[in-house]
Amino acid sequence: MMAVLCSVLLMSGCGGGNNATVQSTAEPTKEPVAAETAKATDTTPAAAVGSIVKPVTFSYYSNYDWDTTEPWGKDSTTAWIRDTLKVNMTPIQSSGAAETKFSTMIASGSLPDVIMMDRGANVERLRQAGMLVALDEYLDQYPNLKNNAGEATLGMLRSDDGKLYQFPNWYTSSPNGNGGWIINRKIYKELGSPKLETYDDLYAYLKQVKEKYSDVIPLEIGAKGRGIDTMYGGFAENKPYLSKANPVGNALESIFEDPIFTENMLYASKLFREKLITQDAFTQTGNQVTEKLVTGRVAVFVEGDVVNPGRDANNALRTLDPESGYDIIWPIHKAGLDAKKITPNNYSSLGWNVLVITKKAKDPEAIFSYLDWATGEEGQRILNFGRQGLYWDESDADGVPIQNEAGLNTPQADKDKERIGRFNWVGNTTFIDQTKALMDAQLPEEKQNWTTLAQKKVTWNTSKNFTEFANLDPLPDSEEGTIATAVNDIYQEVFAKALYAKSDDEVRSLLSKANEDAKRAGYGKLLKFQTERWQNNLSKMK
């Protein structure tokens, strides 16, 4: 999930008013105040006068069990936003029970001003209940979202009534993704650096690891076995993984009848039976996976996000031994396939999730003005690279921060304490990905970011556009929603059972039974509903 960052657009001053100007540091007034225009220099073009940020205080809730919203103003970034833009935020926590909290807030009518949530069903649940503010009237006055996301993306986010209620996070116009394969550099070298391209190569290599390193996990697949989903992309060319459906021609069909899904599960089960895969895949936590990686007890790691844990593990191991660490490799695939057409990653122009403004907000326009500033160049620079004067003093002609002495020499561990990036709720992926890559190039090679290098080298080049499959989920309380819940339960159960199966025949038998159970639960009706949504997406994209 957290996978994510973006591309260089024109700097404010060259962007035709794209960039929002900031509120003066003077005492807040009832009317918004534009910041003074910056003096033009060779490296810092004059800031264009565009939309402005209205002073506002709002409550914010992230509808995820795992997410805890940190206090506003305790870090240098949000302290700058509070003091300069006069924008304040009051967090509301899910306390690890997001679904219950969300339902309670709806039932009691005690919604926060802003909610971060997944696109789709729950957004429509709020919209149909008349609880959301339509954002259309603000798009021209505050133009960063409109100009950066584009009308095609916004059109895909509009509800059936034709209005826009969702402000996208990490939307993009370029490929991104963090999933794939990394290998333990030292173990690989000690075993002779054998060819590691196909699933046959992988099987032979994992057996070597198991024979020589008794305390090392040959293949780590992450918490809940999520790496198996990533492996799926290696069994076919340009194959999108939808989890509960399989695109065939113009229709979505049963995932349990998908030959690629079956082949993937057969392969994973074989590795598991031979103890070449971590045996606690469905009980371990993310922290336990991280601990294995940073102590070098993993030979190969496959997951939907390997570049972030890979960076941390690589840095930790190299501190102790410069010859150790992890390297990213091109995705492993079935023999005979074109390696250039293997896409374990997928991306959507719509991005990850969305923010909505509820009708509880006293000044929705002011909230939108801040979010729009945040998604523009100036906001993205500050939210992702820190306030000006911290690690950078000036930007170049393309809006890329030029790192100062602190930016070049401060250890990453100390930079992490600044919590930079933590409050970027409306990520502009294309701008950030390309900007961070250009910033990284300012550093000597030994100081360049491992994650950025891995993304440029592999993960961004093995990502497939997935936008057409967005928003397929039905409303939870609809008939199709009830079916979807039942099918998901069937899927999760057979996914685990197939991995633990004692033979290939048992794997096939389990998938066949799951398919019949899903059909009895109404799977056909769900697939018909989702096919119609998919085809509607394709029509919108045209």
Exercise for the section: Locate the shortest heavy-atom distance separating R381 from P401; write the atom from each residue and the value. Expected result: CD-CG, 3.8 Å
Exercise for the section: For K195, look at atom NZ and say whether over 12 heavy atoms of other residues, nucleotides or ligands are found less than 6.0 Å away. Expected result: yes
Problem - Side chain to side chain, P476 and T485, heavy atoms closer than 4.5 Å - result: no
Practice task
Show your reasoning for whether side-chain contact (heavy atoms from CB on, under 4.5 Å) applies to D517 and F256.
Solution key: CA-CA 11 Å; D517 291 343; F256 306 116; over 6 Å; no
Problem - Straight-line distance of S59 OG to I115 CD1, nearest 0.5 Å - result: 9.0 Å
Practice task
Only one of N169, V356, L350, D473 passes side chain to side chain contact (heavy atoms under 4.5 Å, CB included) with R119; say which it is.
Solution key: L350
Exercise for the section: Give the minimum heavy-atom separation between D338 and E237, together with the two atoms involved. Expected result: N-OE2, 2.8 Å
Exercise for the section: Please lay out, stage by stage, how M117 and Y61 fare under the test side-chain contact (heavy atoms from CB on, under 4.5 Å). Expected result: CA-CA 9 Å; M117 60 197 305; Y61 171 69; over 6 Å; no
Exercise for the section: Check the side chains of D440 and T452 for a donor-acceptor pair under 3.5 angstrom, ignoring hydrogens and angles. Expected result: no
Practice task
Please examine the side chains of V114 and F167, heavy atoms only from C-beta on, and report whether any two atoms are closer than 4.5 Å.
Solution key: no
Handout entry: Partner set under ring-ring contact (aromatic ring centres under 6.0 Å, His included) for Y60, not counting sequence neighbours
Key = W425
Handout entry: Side-chain donor-acceptor contact under 3.5 Å, K244 with N488
Key = yes
Problem - salt bridge (Lys or Arg N to Asp or Glu O under 4.0 Å) against D65, all qualifying residues, sequence neighbours excluded - result: none
Handout entry: Nearest atoms (heavy-atom pairs only) where I277 meets A268
Key = CD1-O, 3.6 Å
Practice task
Give a yes or no answer on whether the side chain of T78 reaches the backbone of G73 with a donor-acceptor pair at less than 3.5 Å.
Solution key: yes
Exercise for the section: State whether the side chain of K415 and the backbone N or O of G407 hold a donor-acceptor pair below 3.5 Å, judged by distance alone. Expected result: yes
Handout entry: Side-chain donor or acceptor of S463 paired with backbone N/O of P175 under 3.5 Å
Key = no
Fill in the blank from the handout: Closest non-hydrogen atoms of G234 and L337, given as atom of the first, atom of the second and distance, are O-CD1, 3.6 Å
Handout entry: R297/E220 ion pair, N-O < 4.0 Å
Key = no
Problem - Short side-chain to backbone donor-acceptor contact, T459 and G177, under 3.5 Å - result: yes
Handout entry: Residue pair N314 / G325: nearest heavy atoms and the distance that separates them
Key = OD1-CA, 3.4 Å
Exercise for the section: Could you tell me which non-hydrogen atom of I92 sits nearest to which non-hydrogen atom of P112, and how far apart they are? Expected result: CD1-CB, 3.6 Å
Exercise for the section: Quick one: do I420 and L390 satisfy side-chain contact (heavy atoms from CB on, under 4.5 Å)? Show the steps, please. Expected result: CA-CA 11 Å; I420 295 171; L390 182 61; 4.1 Å; yes
Completion exercise
side chain to side chain contact (heavy atoms under 4.5 Å, CB included) test vs I332 passes for just one of T230, D201, D200, L202, namely L202
Problem - T285 versus N287, side-chain donor and acceptor atoms under 3.5 Å - result: no
Practice task
State whether a side-chain donor-acceptor pair under 3.5 Å links K292 with Q284.
Solution key: yes
Exercise for the section: Could you tell me whether a side-chain N or O of D398 sits under 3.5 Å from a main-chain N or O of V400, the two making a donor and an acceptor? Expected result: no
Exercise for the section: Mind checking the CD1-OG spacing from I228 to S269? Nearest 0.5 Å is all I need. Expected result: 9.0 Å
Handout entry: side-chain contact (heavy atoms from CB on, under 4.5 Å) evaluation trace for D75 with E70
Key = CA-CA 9 Å; D75 60 285; E70 297 174 12; 5.7 Å; no
Exercise for the section: Scan side-chain atoms only and decide if D280 and T283 contain a donor-acceptor pair under the 3.5 Å cut-off. Expected result: no
Handout entry: Short side-chain donor-acceptor distance under 3.5 Å, Q448 and K456
Key = no
Problem - All pairs passing side-chain hydrogen bond (donor to acceptor under 3.5 Å, both in side chains) where residues 326-336 contributes a residue, at least two apart - result: R185-D327, E263-K334
Problem - Close side-chain approach of I81 and L383, heavy atoms under 4.5 Å - result: yes
Exercise for the section: Compare all side-chain heavy atoms of T343 with those of F466 and state whether any distance is below 4.5 angstrom. Expected result: no
Fill in the blank from the handout: With sequence neighbours left out, the residues meeting ring-ring contact (aromatic ring centres under 6.0 Å, His included) with Y203 are none
Handout entry: Rounded distance [0.5 Å steps], CD in Q208 versus CG in L276
Key = 11.5 Å
Problem - Any donor-acceptor N/O pair, S509 side chain to D505 backbone, under 3.5 Å - result: no
Exercise for the section: Would you check if P444 and L408 make a side-chain contact, meaning some heavy-atom pair closer than 4.5 Å? Expected result: no
Handout entry: Side chain proximity check, V289 to P309, heavy atoms < 4.5 angstrom
Key = no
Problem - Side-chain (N537) to main-chain (A470) donor-acceptor, under 3.5 angstrom - result: yes
Exercise for the section: Return yes if some donor-acceptor pair links the side-chain N/O of E303 with the main-chain N/O of G222 below 3.5 Å, else return no. Expected result: no
Handout entry: Residue that, paired with Y205, satisfies ring-ring contact (aromatic ring centres under 6.0 Å, His included) out of Y213, Y188, W181
Key = Y188
Exercise for the section: Supply the atom-to-atom distance F261 CZ to D229 CG, rounded to the nearest 0.5 angstrom. Expected result: 8.0 Å
Problem - Backbone of G296 reached by a side-chain donor or acceptor of N184 within 3.5 Å - result: yes
Problem - Side-chain touch Q93/T69, heavy atoms, less than 4.5 angstrom - result: yes
Fill in the blank from the handout: To the nearest 0.5 Å, atom CG of N424 lies from atom CD of Q380 at 4.0 Å
Exercise for the section: Return yes if some donor-acceptor pair links the side-chain N/O of T375 with the main-chain N/O of L371 below 3.5 Å, else return no. Expected result: no
Handout entry: Distance in Å, Y523 OH paired with I255 CD1, rounded so as to fall on 0.5 Å steps
Key = 6.5 Å
Exercise for the section: Taking atom types as modelled, find out whether Y64 and D118 have a side-chain donor-acceptor pair closer than 3.5 angstrom. Expected result: yes
Handout entry: Side-chain donor-acceptor contact under 3.5 Å, N404 with D393
Key = yes
Exercise for the section: Establish, from distance only, whether the side-chain atoms of N246 and E257 form a donor-acceptor pair under 3.5 Å. Expected result: no
Completion exercise
salt bridge (charged side-chain N to carboxylate O under 4.0 Å, His left out) pairs touching residues 309-323, sequence neighbours excluded, are K186-D321
Exercise for the section: State yes or no: are the ring centers of F272 and Y500 separated by less than 6.0 Å? Expected result: yes
Practice task
For residues 215-238, pull every pair meeting ring pair (Phe, Tyr, Trp, His ring centres under 6.0 Å), keeping only residues two or more places apart or in separate chains.
Solution key: Y199-F235, Y232-Y241, F235-Y267
Practice task
Check the surroundings of atom CD in E99: do more than 12 heavy atoms from other residues, nucleotides or ligands lie under 6.0 Å from it?
Solution key: no
Exercise for the section: May I ask you to test the K101-N63 pair for a side-chain heavy-atom distance under 4.5 Å? Expected result: no
